[in-house]
Amino acid sequence: MTTGPLALCCLPLLLLSALSLTLSEGYLTVSIDPLPHVVIGDTVTLKCNFQTDGNLREIVWFRVSTQVTEGGNAKQKIFTYDAMYNTSYSHLEDNKKREDLVYRSTVRLPEVQMEDDGLYECHVGIYDRSSRDKVILASGSIILTVIVPPKSISVVAANSPAPFSRYEAQNFSLVCIVTGAKPAPVVYFKRDGELIDVVPPGQSSSSAGEKNKKPGKSRGRSRAGLLSSQIHVSRDLDDTKLQRSLSPPEQQGKPARLGQDGPEPGREQAPQPGIEETTEVIPETVVSREFPRWVQSSDPLYYFQHRQKAVGDGTMEVRAMLTWSLNPQLDNEALFSCEVNHPALSMPMQAEVTLAAPRGPKLSMTPDRATVGDTVRITVQGFQLGPSASEVFPEPMFTWTRVGGRLLDGSETHNGRELVLDRVPAELNGSMFRCTAQNPLGSTDTHTRLIVFENPRLKKGKEHFVAIDAAFRQRSLTLTSMLLLLSFTFELT
């Protein structure tokens, strides 16, 4: 009990000694001004503010590398100010307020690049009031984030080239590829300038269909599922074909159109009694186009998938895919655009494509006047395009056939934009070749006839060979006659 008053008496002395010790040591606070995201190529100024009642010793700026080494993260010294040897205050602004000194140290980074991204530290040291040999240290840090706008954006068709489906609907996908961005951008699709209402990944078509049936939905569409769309076989929507049924035209007494009507591939049709088989009658120039034999009962659901991956240079590659059940009647010449939002862009970046079916292929043949033995090339130069399309999209697939026979190499078909006939013989004169161009939106056929002329060189060489053979025979006959005359003369003598 006797120690209680003694402790109470000593308590003010202890507090006073602690306060005097704190005042003798001084104080130091350091802070760095916050930074927004910095676009690559911009100039950045880092500002380090510190407040103290002591004398400045040094200021050191470090950049901490994001790459991990054996000893941990590597620090790189980028700026040093030593108050002992350097009395220049060009980088410092000091304002004395009461007994406190407020300093600011700035570091300017011109045209920042990807490698400037990372953590920056400002270390400040002041002298202790009690001893010049003792230094009080404090630091602050900030993360510099360098963002990079997308370098490229493109829209491609998945699984291209693909054939045209005549009797059933097929799924179609557009893929938007965005490269060179940091961080990953926001990608979305538009159709004819309007934002597409998509089904997010993981949501079933049935739940999405029920959701779309609720009132207040934009455009009031009642959509069917992508994989379970209600599709029914119908007559062609082309007004030139409304009077024709879906039965094979041979049953109506009409010749089949090339590559357009007739039974489905892979199905054999039983011969009908009383019908004579006829060969194809082909005019000099034929251009035909196929229309699908089905229509959708409602607009499809648009499904959206989004994937991203890091690239070696620190940027991101984003692939966004839009999938729906294609309707060639409605989707032909529809404008689809992929747009990208990114904090480094002042306005959205976009790429657009117009879906277009191939029609009216333009063929060229070289040489213009083919002779026996020449190499003939038949190439698709382009198509007849609609008013809103600048090219056929997706890229069509090309199939070549010879009407009434096989190709020169013995095959039935040839795939590719160009058909090459090496050393054409005279037997190909008058042959008709069919080029079928198709993509998921439609199919079209074009025919061209090959005219092969006689080769003057070969004809001249043949005539020369015949003349030499005749002269040789004449000489042989003369020699034989002389030998017979000599033998007869010898017998008489």
Take atom CG of Asn159 as the centre, draw a 6.0 Å sphere, and report whether it contains more than 12 heavy atoms from other residues, nucleotides or ligands. no
Residue pair Leu326, Asn171: steps toward the side chain to side chain contact (heavy atoms under 4.5 Å, CB included) verdict: CA-CA 6 Å; Leu326 188 69; Asn171 296 332; over 6 Å; no
One should read off an interatomic distance between Leu46 CG and Thr106 OG1, to the nearest 0.5 angstrom, of 9.0 Å
Taking the side chain as every heavy atom from C-beta outward, state whether Val38 and Thr145 have any pair of such atoms under 4.5 Å apart. no
Nearest non-hydrogen partners of Phe393 and Thr354, listed with the distance: CB-O, 3.5 Å
Mind listing the closest non-hydrogen atom pair of Val376 and Ala370 along with its distance? CG2-CB, 3.8 Å
Shortest non-hydrogen contact between Ala357 and Asn332, atoms and distance: N-OD1, 3.0 Å
Thr375 OG1 to Arg423 CZ distance, which is reported to the nearest 0.5 Å: 7.5 Å
Less than 6.0 angstrom separating the ring centers of Phe336 and Trp324, yes or no? yes
Walk me through whether Phe433 and Leu421 qualify under side chain to side chain contact (heavy atoms under 4.5 Å, CB included). CA-CA 11 Å; Phe433 293 90; Leu421 304 174; 3.7 Å; yes
Side-chain heavy atoms of Gln350 within contact of Glu352, under 4.5 Å: yes
Can you confirm whether more than 12 heavy atoms, excluding those of Ile143, are under 6.0 Å from its CD1 atom? no
Would Thr43 and Val112 count as a side chain to side chain contact (heavy atoms under 4.5 Å, CB included) if you check the C-alpha gap in whole Å, the side-chain angles of each, and the deciding distance to 0.1 Å? CA-CA 6 Å; Thr43 298; Val112 293; over 6 Å; no
Can a side-chain donor-acceptor contact be found between Thr179 and Glu317 if the only test is distance below 3.5 angstrom? no
So do Met397 and Pro163 actually touch side chain to side chain, heavy atoms under 4.5 Å? yes
Are any of the side-chain nitrogens in Arg417 or Glu395 under 4.0 Å away from the carboxylate oxygens of its partner? yes
Interatomic distance, OG1@Thr366 vs CD@Glu418, rounded to 0.5 Å, equals 7.0 Å
If the plane angle is over 60° it's perpendicular, under 30° parallel, otherwise tilted; pick one for Phe383 and Phe398. parallel
CE/Met432 to OG1/Thr401 distance, rounded to the nearest 0.5 angstrom? 11.0 Å
Of the options Leu322, Asn341, Val318, which is the one that meets Val187 in a side-chain contact (heavy atoms from CB on, under 4.5 Å)? Val318
Nearest-0.5 Å distance that lies between atom CZ in Arg402 and atom OG1 in Thr413: 14.5 Å
Minimal heavy-atom distance between Asp374 and Arg369, with the atoms involved, is OD2-O, 4.2 Å
Gln113 to Ile40 - nearest heavy-atom pair and separation: OE1-CD1, 3.5 Å
Are any non-hydrogen side-chain atoms of Ile177 and Cys338 less than 4.5 angstrom apart? no
Hits for side chain to side chain contact (heavy atoms under 4.5 Å, CB included) against Ala344, two or more places apart or cross-chain, chain-then-number order -> Val39, Ile147, Pro149, His342
For a side chain to side chain contact (heavy atoms under 4.5 Å, CB included) check, start with the C-alpha distance between Ile378 and Cys435, then their side-chain angles and the critical distance, and finish with the verdict. CA-CA 10 Å; Ile378 309 176; Cys435 175; over 6 Å; no
Side chain to side chain, Asn439 and Pro161, heavy atoms closer than 4.5 Å: no
Hydrogens and angles aside, do Gln381 and Ser364 bring a side-chain donor and acceptor to less than 3.5 Å of each other? yes
Contact check, side chains of Leu109 and Leu144, non-hydrogen atoms, under 4.5 Å: yes
Suppose the criterion is disulfide (SG to SG under 2.5 Å): which pairs have a residue in residues 301-332, not counting sequence neighbours? none
Exercise: identify the closest heavy-atom pair between Ser325 and Asp331: O-OD2, 4.4 Å
Output all residues satisfying side chain to side chain contact (heavy atoms under 4.5 Å, CB included) with Ala158, sequence neighbours left out; order by chain, then residue number. Ser173, Val175
Tell me yes or no: between the side chains of Thr444 and Arg359, is some donor less than 3.5 Å from an acceptor? no
How about Thr448 and Leu450: do any of their side-chain heavy atoms sit closer than 4.5 Å? no
Separation between OH (Tyr120) and OG (Ser141), nearest 0.5 Å, reads 13.0 Å
Compare all side-chain heavy atoms of Val380 with those of Leu363 and state whether any distance is below 4.5 angstrom. yes
